[in-house]
Structures are given as structure tokens and as C-alpha cells.
Amino acid sequence: MTDLAIAQTPSRRASVLGTIGSLIALPFRTWTGAIASVIFLTFCVIAVIGPWIAPYSPNANHFNAQGELLRLAAPSAAHWLGTTYYGSDVLSQLIVGTRIVVIVGLTCALFITLIGTNVGLISGYYGGRVDAVLMRITDLAFGIPFIPFAVVLVALLAPSTWNIILTISLLMWRTAARVIRSQVLSLKQRAFVKASQIAGASDLRIIYLHLFPNVLPMTMLYVAFDIAWAVIAEASVSFLGFGDPNQMSWGQMLYLAYLSGAIRHAWWWTIPPGVCLTLFVGSVFLIGREFEKLTNPKLA
Amino acid sequence: MMFWRYAGRRLVQTVVTLFLLLTIMFVMFRLIPGDPTTMLLGTGELPPEAQQQLRAAWGLDRPMWEQYLSYLANLARGDLGLSLYFRRPVMEIVLPMLGNTLILMAPILVIALAVGIWAGAYLGWHRGERVEQIGSLIALLPRALPIFWIAILLLMLFSYRLGWFPIGGMREQFFYPETWIQALPGYDLVMHLTLPVIAGAIYFISDPLMITRTAMLEVRGEDYMQFARAQGLSNRRLRQIARRNAFLPVLTYIAIMVGFALGGQVLLEYVFSWPGMGRLMVNSVAQRDYPVAQATFFLMAAVVIVLNFIVDLLYGWLDPRIVYD
């Protein structure tokens with residue numbers, strides 16, 4: 001892993017709120033970043049209002065004039081993206097499925113960041129035995145292949161959205177922990193940390209008020225990438241058939257399309273979920289790249 | 001001398017990691033409600049005495065730590081137990097699948113690394129030019145594409161619509177060559193390999209590309225590059241120097257990628273019904289065949305851990321500037 005440098009000068013006065021504010025405005029500085037942010041926010045809005053704007057209920061069965069189940073109907077005025085093998089409206093599933101994708105992405109990013117940042121901060125700041133133990137655990141997490149682990153654990157715990165979130169979070173904190181630790185190792189040699197220590201500030205105070213705001217840009221970078229990985233991981237687990245059977249998600253849609261053999265010709269069922277996944281993950285990547293430029297100016 | 005001490009310590013760490021992983025898995029697979037006998041017997045169709053007998057035969061009536069110790073002892077002899085589904089030793093089932101996975105992944109890795117490293121070095125060298133700006137944006141795209149979706153698109157187009165390639169599996173059941181092209185050795189296998197290899201190569205290409213590009217960017221700013229330029233060396237020679245020096249971080253990544261590729265091919269094998277380890281794992285989990293699931297999972301993880309160990313050693317050996325602490 002390359003050691004990234006912090007662009008801004010670390011300082012004791014960096015405030016958490018101020019940093020967050022400037023970080024949110026950051027992706028809008030380039031046109032790729034701005035487009036990506038708009039796409040990302042659009043998906044977030046659809047996630048919130050999805051059930052109200054979806055034309056039908058995602059699992060409703062539709063019938064034709066003869067009263068037969070409307071299997072794999074091509075796109076039409078009534079069903080803009082056609083119907084599934086089970087006679088449901090693809091567009092409605094796509095819209096309603098956005099919610100689960102956004103929830104999984106954001107929740108996992110939150111958990112991963114909480115675990116990863118704390119492990120990194122504590123490991124880097126205390127060093128010694130604490131560091132050794134935490135870093136061996138991180139090494140172990142790095143040795144576990146992700147998708148197989150997720151499949152095994154979700155299958156053992158019974159498929160549900162929460163178990164998928166739990167599984168993803170249990171492994172993915174590893175990268176953030178390692179990178180933030182290396183940041184803290186260099187930060188804690190700086191004068192402002194030494195000064196606080198001499199002034200008698202408690203360890204907790206130094207970690208969370210002095211070190212944390214300075215690793216925040218790095219954390220934001222990992223939040224962005226974690227959202228992307230978490231969403232792909234959820235889609236993959238769902239695609240393998242271990243998703244929550246009661247929740248429609250894009251991965252679940254592709255699983256059903258593949259299972260029913262509809263990928264033969266029903267492009268209206270297989271293309272849209274993949275396009276949405278790619279747009280969502282791609283937009284998050286591009287936003288992450290803007291943060292990457294901040295933390296590693298050589299890339300800019 | 002320092003190197004050997006470092007190597008020794010890393011070896012111990014690697015063994016401990018593998019051991020911990022085994023333990024975690026043993027516990028994980030025993031946390032499942034019910035035991036394998038319930039799966040074997042179905043829903044209470046056999047009398048309880050028979051079930052008791054089976055439990056004794058499988059050693060499931062003994063305390064957990066005893067089971068753990070005998071599990072480790074068997075493993076040390078290369079015995080991974082019996083498959084509940086196939087009723088055959090796990091090793092007999094897993095090993096051929098491991099071979100099939102290697103057949104699939106080897107061309108993917110070779111193509112992804114060769115093209116990725118070449119393109120990454122090219123983009124890194126042409127930093128700031130239009131070709132680089134557009135190139136890096138395109139290179140990001142495969143990273144956002146879910147691998148199973150790339151696979152589905154290829155299947156839709158080339159197998160279902162155009163009928164050029166088989167829709168899955170590794171070999172045709174009864175294959176009779178009709179033309180001289182089909183009579184060429186390995187024709188059937190290559191036809192089955194083509195689509196999965198393309199899908200895998202597209203997916204695995206961006207990481208080596210981005211890493212090489214970043215490494216190239218960093219090398220370009222180094223003092224020795226300035227010096228080489230001031231010496232009036234040709235552009236071609238400058239590029240060679242930069243490429244060689246940019247290779248180190250790429251090397252670390254190659255091992256990580258090989259490890260992940262072996263563990264992360266599950267989706268690819270699933271879509272193309274490739275009879276490899278990943279598909280075996282998904283099936284055995286779905287069939288609750290835990291000894292097989294456990295073995296495949298452990299093999300995938302072990303590959304990653306051992307490769308990481310090898311790379312750490314190689315890295316220190318290749319870059320004399322690295323200090324062991």
C-alpha cells in the first residue's frame with residue numbers, strides 16, 4: 001500500500017465540522033466530480049421517495065387482456081421497462097430496489113469507518129503491544145477472501161439485509177485501519193501532539209480532538225470507496241442467491257433474471273439493474289477520486 | 001542477516017495467521033443450529049437411536065475441543081473429512097476443481113497484468129495529455145462494473161444472440177469435431193474458456209493499470225529522473241528507467257491480485273457454470289455440505305495468506321532500501 005501524504009498542514013485548530021463542510025463541497029470543483037455528485041444524490045433521493053414514484057408495486061403480478069400472466073413482456077407504454085418472468089414491472093423493481101442499495105452502501109460505510117478509523121487511531125497512537133495485536137487482527141482480515149466469506153457467513157446466519165451489512169462490515173474495515181494507522185504514526189510525531197501531551201491532555205482527547213480531524217480527509221476517501229465496494233458486495237451476494245428474499249435489490253433482480261433463463265433475450269430485465277449499479281458505483285468512485293486528489297496531490 | 005531474521009518472523013506470523021483462520025472457521029461452521037446428522041437424516045425419518053449411532057460414528061458426540069484436536073490432526077495428514085453430499089473424501093472432490101480454477105484464472109491474470117501494466121505505464125508517462133485524461137476515465141469504468149454483469153452481457157451477446165460460444169461449462173459432453181478447426185487439440189476447451197476469460201480480464205485489468213500509473217507518476221518526480229533527463233538520455237531510455245523503478249509497488253500488488261483472483265472468481269464460475277472451486281463452494285454452502293464448503297474456503301484464504309508472505313520476502317530482497325524493524 002502506498003503511503004499517502006496529507007495535503008493540508010495538520011493543525012490543532014482543525015475543527016471536525018469545518019472540515020466536513022469543506023469536504024462536502026469538494027467534489028463540485030471539477031466537472032466529472034460534479035456530474036458524479038449529481039448522479040449519486042439523484043439515487044439517494046430515489047431511495048427515499050422510491051415507493052411513491054414507482055408506477056406499480058414491485059412484486060405485483062400483471063396480466064394481459066386474456067387474463068394470462070404477462071411474462072417477459074417487452075417495454076411498452078404501460079410497462080416502460082417491460083415485465084419479468086414472474087409478470088412484475090421491471091421499472092418499479094428498479095426504483096424500489098434503489099433503497100436497499102443506498103441503505104447497504106451508507107450503513108456499511110458508516111460501520112466500516114467507525115471500526116477502521118478507531119482501530120487505526122488506537123493502533124497508531126498507542127503503538128507497542130496494542131498495535132501488534134490490532135495489526136495481526138487486520139492481517140487476518142486481509143487474508144480472508146471477501147465474497148466467499150460473505151457467502152458462507154450470510155448462509156450460516158440466514159439471508160437478510162442486516163446480516164449482509166454485518167458481514168460486509170466485519171471484513172472491509174481492514175484497509176481503512178491500515179492506512180489511517182500509518183497516518184497517525186506520522187502525525188503523532190508533530191509538535192502539536194507533543195505539546196498537548198506535555199500540557200497534560202488525556203489520550204482520548206488527543207486521539208479524538210487533535211488526531212481525528214487531521215485524518216478526516218483520508219477517512220472521507222475511504223467512506224467513498226467503502227460505499228462502492230459494499231454496494232458491489234451486496235449485489236454479488238444477492239446475485240449468488242443469498243440475498244434477502246423479501247427485499248428487491250438490483251442484485252436480486254439480476255439473480256432472478258439469470259435463474260429464470262431470461263437473460264436469453266429479456267435485455268430489458270438484465271441491462272437496467274446493471275446500468276444502475278455501474279452508474280451508482282462509478283459516481284461514488286469519481287467522488288472518491290476528488291478526495292484522493294486532496295490527500296495525494298501528485299495525482300491531481 | 002537482518003533479512004533472515006525478518007523472514008523467520010514473517011514465517012511464524014504466517015503460520016499463526018493460518019492457524020487462527022482454521023480455528024475461526026471451525027467455530028463458525030459449528031455455530032450453525034443443528035448438526036450434519038440432521039441434514040443426513042432429513043426430517044426425523046430415522047429413529048433417534050440410529051441418529052445417535054451416526055453421531056458417534058462421525059464423532060459429533062465428543063466434546064468440542066476433542067473434535068477440534070482431531071480435526072487438526074486429520075488436516076495435518078491431508079485428510080479434510082468426508083463430503084456429506086458426495087459421500088466421498090473432500091480432497092477427491094476439491095483437488096480437480098482447484099485445477100479447473102487454475103485453468104480459468106491463469107489466462108485471465110496473464111492478460112490483465114500484461115495489458116494493465118503496459119497501459120498504466122503508458123498513461124502515467126503521458127500525464128496531463130488528453131489521451132491520459134480520457135484513458136484514466138475509461139480505465140475506471142471496469143472497476144465500477146460488477147463482474148457478474150459483464151459476464152451476463154457477454155453471454156447474452158455472444159452465446160445467445162450470435163451463438164458463437166457455448167453458454168457454460170468446461171467441455172461438451174459428447175464432442176465430435178466436424179471441421180479440421182474443431183479437430184485441433186484443445187478446441188473445445190478454448191471455446192468454453194473464451195467468454196469467461198474476456199469477462200475476467202476486463203474486470204481485473206483496472207487495478208494493475210491504476211497502480212502502475214500512480215507508481216509511474218511518483219517515479220517521474222524523483223531526483224534520479226531529473227538527473228537522467230539532464231544527461232540528455234533518449235526518451236525511450238528515460239521510459240525504461242521509469243518503468244523499472246515503478247515496478248516495485250506493482251509487484252506487491254500482483255501477489256495480492258493473484259490471491260484475490262483465486263478467491264474472488266466465485267461469481268465468474270457461477271455465471272459460466274465453470275466447474276471450479278468457487279462454484280463448488282457456492283453449491284456446497286447451498287446444499288449444506290459443510291466439510292466441502294470449509295475446505296474450499298480455507299484453500300482460497302490460504303492462497304492469499306501464503307502469497308502475501310512470499311511477496312513480503314521478495315519485496316525486501318528486490319529493494320535494498322527497505323529497513324526491517
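Lettering follows sequence order; numbering is per chain, from 1.
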The interface call for A/Ala228 against chain B, heavy-atom contacts under 4.5 Å, is neither

So, the part of A/Thr32 with a heavy atom under 4.5 Å from chain B: the answer is side chain

For B/Leu21 and A/Leu140 the tightest heavy-atom approach is N-CD1, 4.1 Å

Given A/Phe242, A/Trp267, A/Phe280, the one with more heavy-atom pairs under 4.5 angstrom with chain B than any other is A/Phe242

Worksheet item: Are B/Tyr270 and A/Phe239 an aromatic pair by the rule of ring centers under 6.0 Å?
Response: yes

Honestly, the part of A/Val275 sitting under 4.5 Å from a heavy atom of chain B is both

Rounded to the nearest 0.5 angstrom, the CD1-CG distance for B/Ile152 and A/Leu254 is 5.0 Å

message: I want to check something: taking the side chain as every heavy atom from C-beta on, are A/Val152 and B/Met281 in contact at a cut-off of under 4.5 Å?
response: yes

The reported gap from CH2 in B/Trp149 to OG1 in A/Thr278 (rounded to nearest 0.5 angstrom) is 4.5 Å

When rounded to the nearest 0.5 Å, the distance separating CD1 of B/Ile305 from CD1 of A/Ile144 is 7.5 Å

Practice task
I would like to know whether A/Thr270 and B/Met156 meet side-chain contact (heavy atoms from CB on, under 4.5 Å); could you show each step before the answer?
Solution key: CA-CA 9 Å; A/Thr270 37; B/Met156 277 174 81; 3.3 Å; yes

The interface call for A/Leu286 against chain B, heavy-atom contacts under 4.5 Å, is side chain

Output for pair (B/Ile147 CD1, A/Ile147 CD1), nearest 0.5 Å, gives 9.5 Å

Heavy-atom nearest pair, B/Met300 first then A/Pro145, reads CB-CG, 3.8 Å

Turns out that what part of B/Gln13 lies under 4.5 Å from chain A's heavy atoms comes down to side chain

Closest heavy-atom pair, B/Ala144 versus A/Ile232, reported as atoms and distance to 0.1 Å, is O-CD1, 4.2 Å

Of the listed B/Ile24, B/Val16, B/Leu145, B/Leu153, the one with the largest count of heavy-atom pairs under 4.5 Å with chain A is B/Leu145

(Q) Tell me if the OH atom of B/Tyr160 is crowded by more than 12 foreign heavy atoms within 6.0 Å. (A) yes

Main-chain N/O of B/Val271 paired with A/Tyr258 side-chain donor or acceptor, under 3.5 Å: yes

